[in-house]
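First the structure, in the form of structure tokens, and then the observations on it.
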Amino acid sequence: MVNTAASGRAGGVLPLASLNHISIVCRSVEVSLRFYADVLGFVPIRRPGSFDFDGAWLFNYGIGIHLLQSEDPGSLPEKREINPKDNHISFQCESMAAVERRLKEMGIPYVQRCVEEGGINVDQIFFHDPDGFMIEICNCDNLPVIPLAGDRAPVLGACKRAAAAVVKQQQQQQNQSSVVPSAPAAVTSAAVQCVPSAAAQAIRVGEEAHISCA
């Protein structure tokens, strides 16, 4: 049963915290597992043993990928032409050139797009997983996050930049005092929440650690 009571009153939005995982129905769990591990750097993790159907769980970058074995693989649609306007999941990256180079080395077809907003360019690369589900890699972190609703608190943009701002202010204060200060009060809670907490779990893939934001 769907609970619709909260949507009928002001301030009744669901008390969500963050994206936990996405689930993908696939023709072959084994094939998709290799793709998400070898291409995107996700790490296989333990899956509850109480499940009575085939699947696999992976984790990295603060989110999970849950693979579900299709009960009728032949019924899944074939891969189509890569269409940036189709359903997809998007990942931020540090180097678009490095992503493009690796995709070429692995022989994975892709298309590129560029979005311009207020003099800021966002580069995008789109490609398919083994079942035709689309993946986007971008540098969308270039764009500030500006909420449209007037009654919402301002958002300081992407997590990475907000965290960097906090760290920079803390370093400046450290230079003026031998005591390590706490996060400045002038920084909004949105920024503070984006700083990786001491309890954040880091999963190391190769030589690079990816830390989810608290």
Side-chain angles (χ1 to χ4, degrees), residues 18-45 54-70 72-146 157-161 163-164 194 202-213:
S18 64
L19 175 66
N20 182 270
H21 70 273
I22 66 167
S23 291
I24 300 172
V25 177
C26 48
R27 290 183 178 84
S28 168
V29 168
E30 183 179 356
V31 171
S32 293
L33 181 63
R34 286 200 302 269
F35 172 87
Y36 283 96
D38 298 345
V39 177
L40 297 180
F42 278 83
V43 177
I45 62 173
D54 192 15
W57 284 14
L58 304 96
F59 183 86
N60 207 348
Y61 318 108
I63 65 169
I65 301 287
H66 292 185
L67 303 177
L68 307 174
Q69 176 63 52
S70 172
D72 184 9
S75 68
L76 295 181
E78 295 295 327
K79 279 189 178 182
R80 302 179 299 276
E81 179 181 355
I82 301 173
N83 177 10
K85 293 185 289 185
D86 203 352
N87 296 327
H88 63 275
I89 182 173
S90 178
F91 296 96
Q92 175 74 21
C93 79
E94 297 295 333
S95 171
M96 295 295 291
V99 168
E100 185 177 3
R101 182 172 62 251
R102 288 292 294 133
L103 289 174
K104 287 180 178 179
E105 292 172 354
M106 292 183 286
I108 297 177
Y110 63 90
V111 299
Q112 295 174 283
R113 294 291 185 270
C114 183
V115 178
E116 188 277 334
E117 172 64 25
I120 299 174
N121 290 327
V122 171
D123 298 307
Q124 303 167 298
I125 292 178
F126 297 90
F127 55 96
H128 284 153
D129 80 351
D131 296 293
F133 181 71
M134 193 160 62
I135 312 293
E136 175 192 2
I137 310 293
C138 70
N139 54 9
C140 298
D141 201 29
N142 292 342
L143 283 176
V145 178
I146 305 174
C159 173
K160 178 182 173 183
R161 294 200 308 275
C194 278
I203 291 185
R204 186 165 296 279
V205 181
E207 297 180 352
E208 183 177 4
H210 304 280
I211 303 176
S212 60
C213 288

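Predicted model only: the values in this text are computed from it and were never measured. Numbers here simply count residues along the sequence, with the first being 1.
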Taking everything shown except E116 itself, do over 12 heavy atoms lie less than 6.0 Å from its CD? yes
Let me confirm one number: the CD-CD distance from Q92 to E136, rounded to the nearest 0.5 Å. 9.5 Å
Is D131 reaching over with its side chain to a backbone N or O of F133, donor-acceptor style, under 3.5 angstrom? no
Give a yes or no on whether the ring-centroid distance for F42 and F91 is below 6.0 angstrom. yes
Nearest 0.5 Å please: distance from the OG atom of S95 over to the CZ atom of R102. 12.5 Å
Find the distance between NZ (K85) and CZ (R113) and round it off to the nearest 0.5 Å. 9.0 Å
Evaluate the side-chain proximity of F35 to L33: yes if any heavy-atom separation is below 4.5 Å, no if none is. no
Could you check whether any side-chain N or O of K104 sits under 3.5 Å from a backbone N or O of P109, counting only pairs where one atom can act as donor and the other as acceptor? no
With a 4.5 Å limit on heavy-atom distance, are the side chains of V39 and M106 in contact? yes
Take atom CD of Q112 as the centre, draw a 6.0 Å sphere, and report whether it contains more than 12 heavy atoms from other residues, nucleotides or ligands. yes
Check: L76 main-chain N/O paired with R27 side-chain donor or acceptor under 3.5 Å: yes
Between N60 (side chain) and G41 (backbone), is there a donor-acceptor pair under 3.5 Å? yes
Taking atom CG of N87 as the centre, does the number of heavy atoms from other residues, nucleotides or ligands within less than 6.0 Å exceed 12? no
Using only heavy-atom distances, determine whether the side chains of E100 and Y110 contain a donor-acceptor pair under 3.5 Å. yes
Any heavy-atom pair between the side chains of N142 and N121 that's under 4.5 Å? no
CD1 of I125 to CG of L103: how many Å apart, nearest 0.5 Å? 6.0 Å
Would you say that more than 12 heavy atoms from the other residues, nucleotides or ligands in this model lie under 6.0 Å from the CD of E117, or not? no
Less than 4.5 Å apart, side chain to side chain, heavy atoms only: is that true for P84 and Q124? no
Determine yes or no for a side-chain-to-main-chain donor-acceptor pair under 3.5 angstrom, with S32 supplying the side chain and V29 the backbone. no
Is any side-chain heavy atom of H128 closer than 4.5 Å to one of I82? yes
N/O donor-acceptor pair under 3.5 Å between D54 side chain and Q69 backbone: no
Within the 4.5 Å heavy-atom criterion, are I65 and I22 side-chain neighbours or not? yes
So, taking the atom named CG in D86 and the one named CZ in F126, what distance separates them when rounded to the nearest 0.5 Å? 10.5 Å
Parallel, tilted or perpendicular for W57 and H66, by the 30°/60° rule? parallel
With side chains defined as the heavy atoms from C-beta onward, is the minimum distance between I89 and I135 less than 4.5 Å? yes
If I take atom CG from residue N139 and atom CD from residue E94, how far apart are they, to the nearest 0.5 angstrom? 10.0 Å
Does a side-chain heavy-atom distance below 4.5 Å link V43 with L58? no
